[in-house]
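Right, one structure below, let's go through it.
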Amino acid sequence: GTFWASPMPLTIGTDAAPFHAPLSVPAAQRIADHYGHSLPTKKMVDAIHAAATVRVPFKSYGADRQSPRTFVASSDVIEARRAGRTGLVSGYAKDYVLTMQRRSNPARIAIYGGWDAQGGIVQPFAVPHALTYFDYSQHPRFVAGNVLVDGVAMPLATALADPATAHLFSHEGPITGAMLRY
């Protein structure tokens with residue numbers, strides 16, 4: 001199976017002055033829907049990180065996690081650590097992920113990712129917060145809404161829902177119905 005991912009989590013602004021904007025998962029889902037994209041699974045996040053040519057270590061902020069001041073400080077640190085390098089970028093953010101494990105808590109977000117300078121995971125898979133929660137660390141990364149399975153194009157949602165192909169894109173088997181989106 002083949003999938004395509006954005007080169008880095010969502011940024012706004014220009015190439016010369018990007019802002020790494022944290023965003024709530026409902027807003028991220030609206031953007032994904034508008035462009036025909038999807039949010040990734042945990043397996044996809046792992047594959048993206050493994051293939052990344054630019055690794056930017058996660059930086060933790062203990063206080064004011066939801067303040068605009070922290071958003072700006074975090075974005076500035078990300079850019080300083082990225083140092084203008086281009087390519088597939090990973091490490092500095094926690095991804096929103098698709099998972100069946102939200103079925104028992106559909107009003108919560110599933111997050112995973114962020115790697116420290118030694119390559120250790122910062123945020124193991126968890127379903128910790130309400131749908132509207134976001135802080136400096138949660139930056140959506142989008143994946144294309146279509147994938148290739150044995151050279152055949154199909155919607156990612158179809159591949160994830162099919163027991164014969166879900167394993168290509170998900171560690172947990174099929175992801176179906178409402179769990180394919182937020």
Side-chain angles (χ1 to χ4, degrees), residues 1-12 20-58 78 82 87-103 105-106 108-116 119-129 131 133-149 153-182:
T2 303
F3 71 93
W4 293 269
S6 59
M8 70 177 137
L10 179 69
T11 59
I12 58 175
H20 298 268
L23 198 62
S24 71
V25 75
Q29 185 65 61
R30 285 193 300 274
I31 292 168
D33 291 347
H34 180 80
Y35 290 104
H37 297 322
S38 177
L39 295 169
T41 65
K42 179 181 178 292
K43 184 171 186 171
M44 296 168 99
V45 171
D46 285 338
I48 291 164
H49 187 70
T53 56
V54 179
R55 301 242 172 104
V56 177
F58 183 88
I78 291 164
R82 188 169 74 100
L88 186 60
V89 180
S90 182
Y92 67 83
K94 300 173 187 176
D95 285 275
Y96 296 118
V97 294
L98 302 178
T99 177
M100 287 302 288
Q101 293 186 37
R102 284 186 51 248
R103 186 167 295 283
N105 286 306
R108 300 191 84 59
I109 62 173
I111 55 176
Y112 172 72
W115 283 263
D116 63 26
I121 190 79
V122 171
Q123 176 65 64
F125 174 83
V127 185
H129 304 295
L131 281 176
Y133 179 86
F134 70 99
D135 64 32
Y136 74 92
S137 69
Q138 296 156 333
H139 300 259
R141 181 188 300 265
F142 301 106
V143 295
N146 289 305
V147 296
L148 289 179
V149 174
M154 68 174 60
L156 173 60
T158 300
L160 285 171
D162 186 338
T165 56
H167 70 279
L168 298 170
F169 306 103
S170 169
H171 290 305
E172 65 182 291
I175 300 174
T176 60
M179 298 302 101
L180 288 167
R181 59 187 314 284
Y182 281 86

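Worth knowing before you read on, the calculation uses all heavy atoms, side chains too, and leaves out hydrogens, waters and symmetry mates.
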Report the distance from atom [atom1] of [X] to atom [atom2] of [Y], rounding to the nearest 0.5 Å.
X: Q29; Y: L131; atom1: CD; atom2: CG; answer: 10.5 Å
X: R55; Y: L88; atom1: CZ; atom2: CG; answer: 9.0 Å
X: T158; Y: L180; atom1: OG1; atom2: CG; answer: 9.0 Å
X: K94; Y: S137; atom1: NZ; atom2: OG; answer: 3.5 Å
X: H139; Y: Y92; atom1: NE2; atom2: OH; answer: 6.0 Å
X: T176; Y: L160; atom1: OG1; atom2: CG; answer: 10.0 Å

What orientation do Y112 and W115 show, parallel under 30°, tilted 30 to 60°, or perpendicular over 60°?
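Rings of Y112 and W115: perpendicular, as their planes differ by over 60°.
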Check: Q138 and I109 side chains under 4.5 Å, non-hydrogen atoms
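Yes, at least one pair of side-chain atoms sits under 4.5 Å.
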Heavy-atom side-chain contact between W4 and T2 under 4.5 Å
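With C-beta onward as the side chain, the pair touches.
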Closest contact, heavy atoms only, A21 versus P140:
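Smallest heavy-atom distance, with atoms named: O-CD, 4.4 Å.
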Heavy-atom pair with the smallest gap, counting every atom of P163 and P174:
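Shortest heavy-atom contact: CA-CG, 3.7 Å.
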Run the side chain to side chain contact (heavy atoms under 4.5 Å, CB included) check on D116 and F58 step by step: do they pass?
CA-CA 5 Å; D116 63 26; F58 183 88; 5.6 Å; no
Would you confirm whether R181, through its side chain, and A32, through its main-chain N or O, come within 3.5 Å as a donor-acceptor pair?
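A pair under 3.5 Å: no.
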Can H129 and I111 be said to form a side chain to side chain contact (heavy atoms under 4.5 Å, CB included), step by step?
CA-CA 9 Å; H129 304 295; I111 55 176; 4.2 Å; yes
Sequence neighbours left out, cut at 3.5 Å: what donor-acceptor pairs do the side chains of residues 95-102 make with other protein atoms?
residue	atom	partner	partner atom	Å
Y96	OH	L23	O	2.5
T99	OG1	Q101	N	3.0
T99	OG1	E172	OE1	3.2
T99	OG1	E172	OE2	2.7
R102	NE	R108	O	2.7
R102	NH2	P106	O	2.7

Which pairs count as ring-ring contact (aromatic ring centres under 6.0 Å, His included) when at least one residue sits in residues 156-182, sequence neighbours excluded?
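Output for this query is empty, none listed.
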Option among I48, T41, L156 that satisfies the side-chain contact (heavy atoms from CB on, under 4.5 Å) test with F3
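Going through I48, T41, L156 one by one, the side-chain contact (heavy atoms from CB on, under 4.5 Å) with F3 is satisfied by I48 alone.
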Identify every side-chain donor-acceptor pair in residues 141-148 under 3.5 Å, counting partners at least two apart or on other chains, and give the distances.
residue	atom	partner	partner atom	Å
R141	NH1	S6	O	2.7
R141	NH1	P7	O	3.4
R141	NH1	V89	O	3.4
R141	NH2	V89	O	2.4

